[in-house]
Amino acid sequence: MPEPNVVSWTSLMAGYVDTGQPGMALWLFGKMPECSVIPNEFTFATVINACSILAHLRTGKEVHGLVEVLGFQSNLVVCSSLVDMYGKCNDVDNAQRVFDSMSCRNVVSWTSIVCAYAQNAQGQEALQLFREFIHLTSERPNHFMLASVVNACASLGRLASGKVAHGSVIRGSHDSNDVIASALVDMYAKCGCVEYSDKVFRRIWNPTVIPYTSMIVAAAKYGLGRMSLQLFQEMIDRGIKPNDVTFVGVLHACSHSGLVDEGLQHLESMFEKHGILPNAKHHTCVVDMLGRTGRLNEAYELAKSIQAEPNQEALLWGTLLSASRLHGRVDIAVEASRRLIDSNQQVAGAYVTLSNAYALNGEWENSHDLRSEMRRTGVQKEPGCSWVEVKDSTYVFYAGDVSSCARGSEVVALLRDLEGKMKQRGYVGGSLGLVFVDVEEEAKEETVGLHSERLALGFALISIPKGVIIRIMKNLRMCRDCHEAFKLISEIVEREFVVRDVNRFHHFKSGSCTCTDFW
DNA sequence: GTAGGGTTAG
């Protein structure tokens, strides 16, 4: 072209973005001034999109500056792409700032801001914005919006909101959408209802690699390793190509179900059969898998041989640290904690786990020294918690905290009952009662074995009025036996608290569910 | 010629 104009430039840039070369689009954008072509709103939307894909915050901000200089700051599409860009670059404050500055918004801009919060671990804010969208606009949420909302519910582990979002999906006839179905599979698994994940999954007509992967991961989280492997085989048989995430799921499944040989075979087949090179995440799963079964030396050697980014390294050494503690390998625990503490990552967790490893090994002095060191330096471990939703109530549980619990004695009785039943059914792992004692006592009593992961159930109920409860999860360490335990908990809870599950899927369809006005 | 959605290890 003798004189390409702004449309020609933008078309070419959009072409590069569409074919997975956003860097080329940015390069072209930099060349425009040399040819005296001024970018317009189409150009900016395209370039900002390229920054989103690359998650280049600095470039994004520079482009944002140009948007202001050239006067496109009130363009709907440009602003929506800016909101999305800031979200993808993990700068939620600026996403919100741009969103607030907009005089005109549509469902795309609302989706971008909801998504920005959902993808940056602020699900609560995402849901609040969704409520505002419903109340302030007359627009119906579309499949893009609902996928983000389901994602927010999943990240929060909020079953009640997730079911309501699912109702919205069904009423809007979006339930055949592959993306939404994947999000629902994931949401139900993260909210403690893997059976619902399975139901949603089985309704997908032609699942792609992503819903398959969601379901493989969902089953793995519940200790259903065999089911994960069957799903994997099923997808291979159907000619669906697995990706790197699928293998993270498969290895995770093997690790949590003690399927070491299968796991190692899958690791080997990754590149040989499927052309996917194992990365740090895969190796972390393998370190975990070897570590859980007590093959600590192999796990340690593998960990040392892996090159990874700082964040991924922290996960790797954190994994090895947990395994060393589980099997009382203080030598490796010391090394793994040192690496974490030196890199200034997960410091509190590293101190606590190392202290517990010492205790398990009978080295009480070292254990206490570390606790003193934590007090002296002010390092505090934020306690983990579990929570349970039944109907409109949420109950939060902290390990070892009985005193602040309104119905603590009842819960203790339930746990004792559960423990007895688990033993009757042949559960050979650690004891539920262990959660009642001090760390040191726990360490003295703990028996170590392949499936001896404890059910770390704490208690301390904080009730938010209305209705009765329960879902106990999160701190439930999932392994094969724990799935059985999970069912038992449901049985006991249902009996004791008279919980009825009224929200089966077809109720949404038949209109008998009154959740419509929830938002 | 332009903006928005799903799966990932301790």
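Lettering of chains follows the sequences in order, A, B, ..., and the numbering in each one begins at 1. Heavy-atom basis, side chains included; hydrogens, waters and symmetry copies ignored.
- In this model, the phosphate group of B:dG5 is approached by a side-chain N or O of A:Lys88 to a distance below 4.0 Å at OP1 or OP2.
- The side chain of A:Asn75 contributes no N or O atom lying less than 4.0 Å from OP1 or OP2 of B:dA3.
- Closest to the side chain of A:Val7, from the set B:dG1, B:dA3, B:dG5, is B:dG1.
- Here A:His166 and A:Tyr188 bring their ring centres to under 6.0 angstrom of each other.
- Side-chain proximity of A:Lys281 to the nucleotides B:dA9, B:dG4, B:dT7 is greatest for B:dA9.
- Sorted by first and then second residue, the pairs that involve residues 86-119 of chain A and meet ring-ring contact (aromatic ring centres under 6.0 Å, His included), not counting sequence neighbours, are A:His64-A:Tyr86, A:Phe99-A:Trp110, A:Trp110-A:Phe133.
- The six-membered or imidazole ring of A:His266 lies near that of A:Phe232, with a centre-to-centre distance under 6.0 Å.
- For the OP1/OP2 pair of B:dG4 and a distance below 4.0 Å, the side-chain nitrogens and oxygens of A:Gln119 include no atom meeting the criterion.
- Taking only side-chain nitrogens and oxygens, A:Asn49 comes nearer than 4.0 Å to OP1 or OP2 of B:dG4.
- For a distance-only test at 3.5 Å, the side chain of A:Asp178 qualifies as a donor-acceptor partner of the base of B:dG6.
- A donor-acceptor pair shorter than 3.5 Å cannot be found between the side chains of A:Tyr300 and A:Arg329.
- Closest approach to the A:Ser112 side chain among B:dG4, B:dG1, B:dG6 is made by B:dG4 (side chain taken as heavy atoms from C-beta onward).
- Taking every side-chain heavy atom of A:Ala14 into account, B:dT2 is the closest of B:dT2, B:dA3, B:dT7.
- Using modelled atom types, one finds no donor on one side chain facing an acceptor on the other under 3.5 Å when comparing A:Thr46 with A:Thr10.
- The nucleotide whose nearest atom lies closest to any side-chain atom of A:Asn40 is, among B:dA3, B:dT2, B:dG1, B:dG1.
- A side-chain N or O of A:Thr43 and one of A:Asn40 form a donor-acceptor pair less than 3.5 Å apart.
- The phosphate of B:dT8 has OP1 or OP2 within less than 4.0 Å of a side-chain N or O from A:Lys190.
- Interface remark: the A:Ser182 side chain does form a donor-acceptor pair with the B:dG6 base, using a distance-only criterion of under 3.5 Å.
- Candidate nucleotides B:dT7, B:dG1, B:dG4 were compared by shortest atom distance to the side chain of A:Asn151, and B:dT7 ranks first.
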- Task: Could you walk me through whether A:Thr213 and A:Thr246 pass side-chain hydrogen bond (donor to acceptor under 3.5 Å, both in side chains), step by step?
- Result: CA-CA 5 Å; A:Thr213 303; A:Thr246 315; 2.9 Å; yes
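- Distances from the side chain of A:Val179 to the nucleotides B:dG4, B:dG1, B:dG6 place B:dG6 closest.
- Distance from the side chain of A:Pro211 is smallest to B:dG6 among B:dT7, B:dT2, B:dG6.
- Judged by atom type and distance alone, A:Asn177 reaches the base of B:dG5 through a side-chain donor-acceptor pair under 3.5 Å.
- With B:dG6, B:dT2, B:dT7 as the choices, the nucleotide that has an atom nearest any side-chain atom of A:Thr208 turns out to be B:dG6.
- One finds no salt bridge joining A:Lys304 and A:Glu298 here, because no Lys/Arg side-chain nitrogen approaches an Asp/Glu carboxylate oxygen to under 4.0 Å.
- Near DNA chain B, meaning a heavy atom under 4.0 Å away, the residues from residues 136-145 of chain A are A:Asn142, A:His143, A:Phe144.
- With distances taken from any side-chain atom of A:Ala183 to the nucleotides B:dT2, B:dG6, B:dA9, the minimum falls on B:dG6.
- On a pure distance criterion of 3.5 Å, no polar donor-acceptor pair joins the side chain of A:Ser81 and the base of B:dA3.
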